[in-house]
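One structure below.
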Protein chains: 2
Amino acid sequence: MQQGDFFDPSCPTRVVLDRIGDKWSVLVVLSLHRGPRRFTELRDMIGGVTPKVLTQTLRAMERDGLLTRKVFAEVPPRVEYTLTELGQSLQEPLQAVTDWAEHNVNAVMSARDLHDTRATA
Amino acid sequence: MQQGDFFDPSCPTRVVLDRIGDKWSVLVVLSLHRGPRRFTELRDMIGGVTPKVLTQTLRAMERDGLLTRKVFAEVPPRVEYTLTELGQSLQEPLQAVTDWAEHNVNAVMSARDLHDTRATA
DNA sequence: CAGTATCCTTCGCGATACTG
DNA sequence: CAGTATCGCGAAGGATACTG
């Protein structure tokens, strides 16, 4: 299991990691897990995201083949975002990470407090 | 399985996600997977990281209880970084993500090329 | 060897306002 | 409703040089 090449900055895996590293992308994937969502739904689900950033994120993810954007010719306009198979396959490992986060956030916060207390004391 | 709270900006899970979102942290965890490493070893393994950023990353991870820093009173000085149990437990879900990245980077790049071609054409 | 110090760029992101 | 346009800042990250 050679993974030295993984650390090469020019390795395309880094590209993927950069995308995943974007917390908004992660939250979008999680938000779309249960099915298609509209723009406003996503914005409401994901606290603190501005329309601009959400749009950027969605466009980038569409470009990477993680989701599809479907516009309905209606009034008022409606746009639905849906995970592709690729996007859905990403959801699994991502879920593993967020599960870890939920289970271990206390441990992290405790370690942080302890560390800070020692530093202050 | 309520995960609506997960999207609250004030949710501590976001904190963890921010740390994981840092690509350097991810690479450090992966680098330490096989055992303790020295500062220079890490810097060499992880391409493109500057000492400053690596130090920042290591300090933050130490603070969060993900790794320990051990200084040996030798000349020349030696410092070893080791994953804690918490850090090791994080390695698993992270590995899942990077595995996904390795397996699907081609699909992502293809989607990207296709998208860009259409846009240009 | 294992960092620290300093400077500087850039650019992600937020706030706000406007539109098809 | 689903965005786009514009402005601006603050902080992360890079390059470089120096030190215990």
Side-chain angles (χ1 to χ4, degrees), chain A residues 7-11 14-28 31-32 35-64 67-82 115 119, chain B residues 7-11 14-28 31-32 35-64 67-82 115 119:
Chain A
F7 297 100
D8 183 344
S10 64
C11 175
R14 281 279 189 100
V15 175
V16 176
L17 208 46
D18 283 346
R19 173 127 317 288
I20 292 169
D22 177 16
K23 79 179 169 193
W24 300 124
S25 296
V26 174
L27 296 175
V28 167
S31 299
L32 290 179
R37 292 286 182 270
R38 305 177 59 171
F39 186 87
T40 310
E41 287 180 309
L42 287 173
R43 191 180 53 184
D44 292 344
M45 291 177 76
I46 304 172
V49 69
T50 59
K52 190 184 80 173
V53 173
L54 182 56
T55 301
Q56 285 175 354
T57 304
L58 291 170
R59 292 287 195 275
M61 293 177 69
E62 186 187 11
R63 183 167 103 102
D64 287 352
L67 55 78
T68 56
R69 177 174 179 272
K70 182 165 189 180
V71 182
F72 294 84
E74 303 175 355
V75 177
R78 185 159 64 106
V79 179
E80 274 189 1
Y81 294 92
T82 313
H115 186 92
Chain B
F7 297 98
D8 184 344
S10 63
C11 175
R14 281 279 188 101
V15 176
V16 176
L17 208 47
D18 284 345
R19 173 128 318 287
I20 291 169
D22 177 16
K23 78 179 167 192
W24 299 124
S25 297
V26 175
L27 295 175
V28 166
S31 300
L32 292 179
R37 292 286 181 271
R38 306 176 58 171
F39 186 86
T40 311
E41 287 180 307
L42 286 173
R43 190 180 54 184
D44 293 343
M45 291 176 77
I46 304 172
V49 69
T50 58
K52 190 186 81 172
V53 173
L54 182 55
T55 300
Q56 283 175 357
T57 303
L58 290 170
R59 292 287 195 275
M61 293 177 69
E62 186 188 10
R63 182 167 105 101
D64 287 353
L67 56 78
T68 56
R69 178 174 178 272
K70 183 165 187 180
V71 182
F72 294 84
E74 301 176 357
V75 177
R78 185 159 65 106
V79 178
E80 274 189 1
Y81 294 92
T82 312
H115 186 91

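These figures come from a predicted structure and were not determined experimentally. No hydrogens, no waters, no symmetry mates; every other heavy atom, side chains included, goes into these values. Here is how names work: the chains are called A, B, and so on, in the same order as the sequence lines, proteins then strands, and each is numbered from 1.
Two residues are said to be in side-chain contact when any heavy atoms from C-beta on lie closer than 4.5 Å; A:Val49 and A:Thr57 fail this criterion. A 4.5 Å side-chain heavy-atom check between A:Thr40 and A:Arg43 finds at least one atom pair inside the cut-off. Proximity of A:Asp64 to A:Val16: side-chain heavy atoms (C-beta onward) are nowhere separated by under 4.5 Å. A:Pro51 places a side-chain heavy atom less than 4.5 Å from the side chain of A:Phe39.
Annotation: the span from B:Glu41 atom CD to B:Leu32 atom CG amounts to 9.5 Å, rounded to 0.5 Å. Considering CZ of A:Arg37 and OG1 of A:Thr82, their distance stands at 10.0 Å, rounded to 0.5 Å.
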Pair assignment for DNA chain D - dot-bracket with | for other-strand partners, Watson-Crick or G-U under 3.5 Å: ||||||||||||||||||||

For nucleotides 5-13 of chain C, print each protein N/O atom paired with a nucleotide N/O atom at under 3.5 Å, atom names and distance only.
unit_1: C:dC13; atom_1: N4; unit_2: A:Lys52; atom_2: NZ; d: 3.2

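Residue A:Phe72 is out of contact with every strand shown, counting any heavy-atom pair closer than 4.0 Å.
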Side chain to side chain contact (heavy atoms under 4.5 Å, CB included) evaluation trace for A:Leu27 with B:Leu17: CA-CA 10 Å; A:Leu27 296 175; B:Leu17 208 47; 4.1 Å; yes

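For DNA chain D, the contact window with chain B, defined by any atom under 4.0 Å from a protein heavy atom, covers D:dG13 to D:dG20 in 5' to 3' order.
Among the candidates B:Met61, B:Glu80, B:Arg59, the single residue satisfying the side chain to side chain contact (heavy atoms under 4.5 Å, CB included) test with B:Arg69 is B:Arg59.
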